[in-house]
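Below you'll find the structure, written out as structure tokens, and then a few comments.
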Amino acid sequence: LITGASRGIGAATARLAAERGLAVVVNFASDERGASQVAAFALVLHIAGCGPETSEGRSEPPDDVGDASGIAATSVDLGEQLYRAGEYRASLEAFTDADDSARTLGDSAEVAIALTWSGLAHYQLGQYSGALELGTLALEMKERLGMASEIPRSLNALGLLAWQEGRLGDALDLHQRSRSAAVAVDDVRGIGRSLNNLALVLTDLGDLGGAEARYVEAIETFRALELIDFEGRALTNLGALRMEVGDPVGAEQALMAAF
């Protein structure tokens with residue numbers, strides 16, 4: 001039973017519980033529409049047969065509930081949902097809980113993942129010094145532990161931070177490294193992210209032709225993966241760039257495609 005499950009941390013908790021196969025009861029004070037959306041999400045998962053079930057057909061919690069590693073993983077999952085919902089402060093709390101649980105268990109890999117997300121949350125909150133400290137520590141841990149599939153995300157996050165702070169040379173290097181690391185592990189989504197962010201940096205460096213080429217590559221990558229949100233952002237960026245170079249027709253095409 002989750003009270004206040006129509007929005008924020010309550011809604012994210014309800015969705016996560018449903019994804020893990022738990023039977024969810026949604027309670028709310030006034031936001032009936034939000035609660036209905038969460039309930040519909042849980043119902044769809046139930047109909048699809050997601051999550052573990054008993055022989056009676058009722059859901060049970062996963063075996064790792066109560067175990068430190070399970071708590072850490074659950075906190076990361078919850079934090080990621082909150083982060084993607086724009087609830088950055090609440091997500092930071094969840095990632096901090098994940099970090100504490102993982103350290104208790106001595107799970108360095110889970111600590112590194114939690115630190116990465118914590119750094120991203122700090123970035124979104126405008127807390128750049130915290131983002132840099134946590135992001136750098138996470139990258140060092142991942143490299144030491146050989147977590148190749150996780151390295152592109154850390155490089156990308158540090159590249160965005162460098163770009164935000166105006167350190168364009170560092171940003172360019174980090175996003176190029178992120179792209180190479182993503183290629184090495186066949187992380188197509190990571191490749192697309194790196195291309196889009198490289199274009200942002202190249203625009204600020206005045207290489208508008210190079211920026212447009214990177215945007216086009218990113219758009220094609222996201223389209224192939226059917227990542228509509230990412231494709232839309234890249235198209236919007238491309239439209240703005242074409243306006244800047246005096247190509248209103250091309251800008252309109254990109255912006256209409258984004259719309």
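What you see is a predicted model; the values in this text were computed from it and never measured.
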[atom1] of [X] to [atom2] of [Y]: how many Å apart, nearest 0.5 Å?
{"X": "Trp117", "Y": "Leu82", "atom1": "CH2", "atom2": "CG", "value": "11.0 Å"}
{"X": "Thr236", "Y": "Leu255", "atom1": "OG1", "atom2": "CG", "value": "6.0 Å"}
{"X": "Ile219", "Y": "Leu238", "atom1": "CD1", "atom2": "CG", "value": "4.5 Å"}
{"X": "Asp170", "Y": "His175", "atom1": "CG", "atom2": "NE2", "value": "11.0 Å"}
{"X": "Asp99", "Y": "Leu115", "atom1": "CG", "atom2": "CG", "value": "5.0 Å"}
{"X": "Leu78", "Y": "Glu80", "atom1": "CG", "atom2": "CD", "value": "10.5 Å"}

For the backbone of [Y] and the side chain of [X], can you confirm whether one donor and one acceptor N or O come within less than 3.5 Å of each other?
{"X": "Asn197", "Y": "Arg193", "result": "yes"}
{"X": "Thr116", "Y": "Ala138", "result": "no"}
{"X": "Arg214", "Y": "Leu195", "result": "no"}

Next on the checklist: Using the rule given for side chain to side chain contact (heavy atoms under 4.5 Å, CB included), can you reason through Glu150 versus Met141, listing the C-alpha separation, both sets of side-chain angles and the distance that settles it, and then say yes or no?
Outcome noted: CA-CA 10 Å; Glu150 284 288 330; Met141 291 183 69; over 6 Å; no
Checklist entry - Ser154 and side chain to side chain donor-acceptor pair (under 3.5 Å): which partner among Lys142, Arg177, Glu140? => result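 The passing option is Lys142.
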[X] and [Y]: which non-hydrogen atoms are nearest, and at how many Å?
{"X": "Ala171", "Y": "Val201", "answer": "CB-CG2, 3.8 Å"}
{"X": "Leu134", "Y": "Ser118", "answer": "CD1-CB, 3.8 Å"}
{"X": "Glu110", "Y": "Ala102", "answer": "CB-CB, 3.7 Å"}
{"X": "Gly239", "Y": "Ala251", "answer": "O-CB, 3.3 Å"}
{"X": "Ser178", "Y": "Ser194", "answer": "OG-OG, 2.8 Å"}

Next on the checklist: Tell me whether Glu133 at atom CD has more than 12 heavy atoms from other residues, nucleotides or ligands lying less than 6.0 Å away.
Outcome noted: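 Atom CD in Glu133 is not packed in, count stays at 12 or less.
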Checklist entry - Hey, is Arg89 close enough to Glu93 for a salt bridge, meaning N to O under 4.0 Å? => result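 Here Arg89 does not pair with Glu93 in a salt bridge, since their nearest N and O are not under 4.0 Å apart.
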[X] and [Y]: same hydrophobic cluster, using ILVMFWY side-chain contacts below 4.5 Å?
{"X": "Leu155", "Y": "Leu161", "value": "yes"}
{"X": "Leu235", "Y": "Leu200", "value": "yes"}
{"X": "Leu120", "Y": "Ile113", "value": "yes"}

Checklist entry - Sequence neighbours excluded, which residues qualify as side-chain contact (heavy atoms from CB on, under 4.5 Å) partners of Asp204? => result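 Per chain and number, Asp204 pairs via side-chain contact (heavy atoms from CB on, under 4.5 Å) with Trp163, Leu168.
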Next on the checklist: Applying side chain to side chain contact (heavy atoms under 4.5 Å, CB included) to Glu212 and Leu202, what does each step give before you reach the verdict?
Outcome noted: CA-CA 9 Å; Glu212 178 165 2; Leu202 290 171; over 6 Å; no
Checklist entry - Is any side-chain heavy atom of Asn196 closer than 4.5 Å to a side-chain heavy atom of Arg233? => result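 No, their side chains stay 4.5 Å or more apart.
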Item to check | Aromatic plane relationship, Phe95 with Tyr83 - under 30° parallel, 30 to 60° tilted, over 60° perpendicular | outcome: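 If you compare the ring of Tyr83 with that of Phe95, the planes turn out tilted.
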Checklist entry - Taking only residues two or more places apart in sequence or in another chain, which ones pass ring-ring contact (aromatic ring centres under 6.0 Å, His included) with Tyr123? => result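 ring-ring contact (aromatic ring centres under 6.0 Å, His included) list for Tyr123, sorted by chain: Tyr128.
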Checklist entry - With sequence neighbours excluded, what pairs up with Tyr215 under the ring-ring contact (aromatic ring centres under 6.0 Å, His included) test? => result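 Once residues adjacent in sequence are excluded, Tyr215 has no partner under the ring-ring contact (aromatic ring centres under 6.0 Å, His included) criterion.
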Item to check | Verdict with reasoning, Thr96 to Asp100, per side chain to side chain contact (heavy atoms under 4.5 Å, CB included) | outcome: CA-CA 6 Å; Thr96 301; Asp100 291 341; 4.1 Å; yes
